Q: 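The structure that follows is given in the form of structure tokens.
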Amino acid sequence: MTSSPTSTISANLTPEYDALWHKLHPLQHEMILTSVGRRVYPLLEYQCTGMNPDKMYTTSVHFEYVDDKKLRFCKGKYVESVSQEKKEAPRKVQHKSGAKLGSKWMASPVNFEDVRISNKKTREDDDSSIVHLHAQHRYLPVLTITEEGGSSYEIRLPHTIFITATLYHIDEVNKIKTDSNEYAKSNRGDRRRLRAVETSATSPPTKKSRKEASVPVVPNSIPNPPVIDPALMSTLPFPSAGLSTQTPNSSTMPTVQDVPPANPLNAFTAIPWLNPVNNPYLLAAMGLQFPIIPFPYVPSTSFAQHTPTSSISPDSQPTQPDDEVKTAVVDKVIKEEVNV
């Protein structure tokens, strides 16, 4: 502890936090900076003595440079170089209690738990408890006790020097702070996972939240196809695409109709109404002129005559018509049809 030569006022850290500062000091104590501002830990909690009980005092804290060096962590240790940062007057953060009697200050610890340190200068304009510090520099907290209408007393504790950093490089420093700081939840991932495994084995399953239980309905989405019972498919008159092996009844099978044999001279003769012999107006409708026959039209034989039966042998010859005139006319019509 150091103070002004004529001062009788002194201050020390409370035993709980003083032990942590002494433990971290030989390890090259690292203090984390963030852009939004981070609490100083271990806390700066002082126990003041030597004040005049009947006088009014105010207290404040600021951070001063220890040296003009910039430190870079390289190969497991900090390497020093000359700092090029612009040094500004340190910002003092007044205690939130304001001015109090000396007896009040000495009755309870003076805690600066609301002080935050940031690596972003503009954050000082947002909050009076935020202090801007440069990363990779050594700083020393300074407690200032100002007597109302009198002098000021500055108290420096050498074992509270720390190095500002954006992340921990020394694992032991990180472990000490994590184990002792109830606010360092971001560094307790392993312990949280272990606790979750222990509680899941003994605690009942938790209920799902309403968001997880409900399935969002997407508008204009394609609905799922309905599920068809295979037993129902087997009763349908059409095949069930392999869903059933039931053989359909003969009553549901379509009947096979006999198709008359096609005339090798004209494929359309297999269809009665397309046969020009049966329909003399077909060629006229197609722009062709059917030959004029001077005697009455003789229709062709019916389907039954062209349909082969079991009584007629495939090798037998058709019976020749009795009338030679009719036979000559039919042959002439067929020849003219072929020539067309």
Side-chain angles (χ1 to χ4, degrees), residues 1-25 29 31-33 37-68 87-118 121-134 137-164 177 180-183:
M1 179 191 68
T2 61
S3 60
S4 58
T6 59
S7 172
T8 58
I9 297 176
S10 62
N12 287 300
L13 293 171
T14 55
E16 176 186 359
Y17 295 110
D18 187 66
L20 287 174
W21 284 98
H22 275 288
K23 191 174 183 179
L24 292 167
H25 178 64
H29 184 185
M31 192 73 67
I32 298 300
L33 295 175
R38 188 180 178 108
R39 181 196 301 265
V40 176
Y41 188 84
L43 297 181
L44 295 172
E45 188 177 75
Y46 297 93
Q47 185 67 52
C48 300
T49 59
M51 293 183 180
N52 189 333
D54 300 325
K55 288 187 177 182
M56 301 292 292
Y57 294 90
T58 58
T59 59
S60 64
V61 164
H62 69 275
F63 303 92
E64 66 181 13
Y65 289 97
V66 175
D67 50 38
D68 194 23
K87 308 300 187 296
E88 299 177 353
R91 183 181 194 181
K92 293 186 177 182
V93 179
Q94 298 291 330
H95 194 275
K96 56 186 178 182
S97 299
K100 293 195 305 183
L101 291 173
S103 58
K104 298 291 184 180
W105 288 113
M106 293 184 294
S108 59
V110 182
N111 193 318
F112 289 90
E113 61 181 357
D114 57 333
V115 176
R116 304 287 191 277
I117 54 177
S118 171
K121 180 64 176 177
T122 56
R123 287 290 292 150
E124 290 186 343
D125 301 332
D126 301 332
D127 194 335
S128 59
S129 63
I130 294 180
V131 180
H132 169 251
L133 301 180
H134 292 291
H137 286 74
R138 289 191 184 95
Y139 286 92
L140 174 66
V142 179
L143 172 65
T144 302
I145 302 174
T146 303
E147 182 181 346
E148 189 177 26
S151 56
S152 298
Y153 308 91
E154 292 183 346
I155 299 170
R156 297 171 175 83
L157 303 176
H159 63 281
T160 59
I161 295 175
F162 58 84
I163 301 172
T164 54
K177 290 195 174 188
S180 59
N181 185 7
E182 59 180 348
Y183 299 101

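Computed from a predicted structure; not experimentally measured.
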Q: Using every non-hydrogen atom in the two residues, find where P42 and K177 come nearest and quote the distance to one decimal.
A: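 Closest approach of P42 to K177: CD-CE, 4.3 Å.
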Q: Considering all heavy atoms of both residues, which atom of R91 and which atom of S128 are nearest to each other, and what is their separation?
A: NH2-CA, 3.2 Å
Q: Work out which heavy atom in L44 is nearest to a heavy atom in W21; give both atom names and the distance.
A: CD2-CZ2, 3.7 Å
Q: If you count the non-hydrogen atoms of other residues, nucleotides and ligands that lie under 6.0 Å from NZ in K23, is the total more than 12?
A: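 No, because the 6.0 Å sphere around NZ of K23 holds 12 heavy atoms or fewer from other groups.
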Q: Should we say atom NZ of K121 is surrounded by more than 12 heavy atoms from elsewhere, each under 6.0 Å from it?
A: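 Yes.
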Q: Considering only heavy atoms from C-beta outward, does the side chain of E113 approach that of R39 to under 4.5 Å?
A: yes
Q: Describe, in one word, how the ring planes of H137 and H134 are oriented to each other, choosing from parallel (under 30°), tilted (30 to 60°) and perpendicular (over 60°).
A: tilted
Q: How close do A11 and I155 get, heavy atom to heavy atom, and via which atoms?
A: CB-CD1, 3.4 Å
Q: Set out, in order, the CA-CA distance, both residues' side-chain angles and the distance that settles side-chain contact (heavy atoms from CB on, under 4.5 Å) for L157 and L13, then state yes or no.
A: CA-CA 9 Å; L157 303 176; L13 293 171; 3.7 Å; yes
Q: Write down the atom of L33, the atom of S118, and the distance for their closest heavy-atom approach.
A: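 So the two residues come closest at CD2-N, 4.1 Å.
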Q: Only counting residues at least two apart or in another chain, list the ones meeting side chain to side chain contact (heavy atoms under 4.5 Å, CB included) with I32.
A: T34, R38, Y168
Q: Looking only at non-hydrogen atoms, find the nearest pair between H29 and I161 and report the distance.
A: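 That would be CB-O, 3.8 Å.
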Q: Ignoring hydrogens and angles, tell me if any N or O in the side chain of R116 forms a donor-acceptor pair with the backbone of D114 under 3.5 Å.
A: yes
Q: Once rounded to the nearest 0.5 Å, what's the spacing between atom CG of L20 and atom OG1 of T160?
A: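 Going from CG on L20 over to OG1 on T160, the span is 13.0 Å.
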Q: For the OG1 atom of T146 and the CE atom of M56, what is their distance to the nearest 0.5 Å?
A: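 Going from OG1 on T146 over to CE on M56, the span is 13.0 Å.
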Q: Are any side-chain N or O atoms of E124 and backbone N or O atoms of H132, one a donor and one an acceptor, separated by less than 3.5 Å?
A: yes
Q: Just by modelled atom types, is the V110 backbone N or O under 3.5 Å from a matching donor or acceptor in the Q47 side chain?
A: no
Q: Any non-hydrogen side-chain atom of V61 less than 4.5 Å from a side-chain atom of V40?
A: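 V61 vs V40: side chains apart.
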Q: For the side chain of H95 and the backbone of N111, is there at least one donor-acceptor N/O pair under 3.5 Å apart?
A: yes
Q: Taking atom NZ of K87 as the centre, does the number of heavy atoms from other residues, nucleotides or ligands within less than 6.0 Å exceed 12?
A: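 Yes - once you tally the heavy atoms of other residues, nucleotides and ligands closer than 6.0 Å, there are more than 12.
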Q: side-chain contact (heavy atoms from CB on, under 4.5 Å) for L133 and F162? Distances and angles first, verdict last.
A: CA-CA 12 Å; L133 301 180; F162 58 84; 4.3 Å; yes
Q: List in chain and number order the residues that pass ring pair (Phe, Tyr, Trp, His ring centres under 6.0 Å) with H62, two or more places apart in sequence or in another chain; answer none if no residue qualifies.
A: none
Q: Could you tell me if the side chain of Y46 sits less than 4.5 Å from the side chain of T59, heavy atoms only?
A: no
Q: Could you give me the CA-CA distance, side-chain angles and deciding distance for N52 and E147, then say whether side-chain contact (heavy atoms from CB on, under 4.5 Å) is met?
A: CA-CA 9 Å; N52 189 333; E147 182 181 346; 5.7 Å; no
Q: Could you check whether any side-chain N or O of W105 sits under 3.5 Å from a backbone N or O of Y57, counting only pairs where one atom can act as donor and the other as acceptor?
A: yes
Q: What distance separates S60 OG from L143 CG, expressed to the nearest 0.5 Å?
A: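 Separation between the atoms: 7.0 Å.
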Q: Could you measure the distance from the CZ atom of R156 to the CD atom of E64? Nearest 0.5 Å is fine.
A: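 Spacing of CZ (R156) from CD (E64) equals 4.0 Å.
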Q: Using the side chain to side chain contact (heavy atoms under 4.5 Å, CB included) criterion, which residues pair with S103? Sequence neighbours excluded.
A: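 S103 satisfies side chain to side chain contact (heavy atoms under 4.5 Å, CB included) with P53, L101 only.
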Q: Roughly how far apart are I117 CD1 and S129 OG, rounded to 0.5 Å?
A: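 With rounding to 0.5 Å, CD1 (I117) is 12.0 Å from OG (S129).
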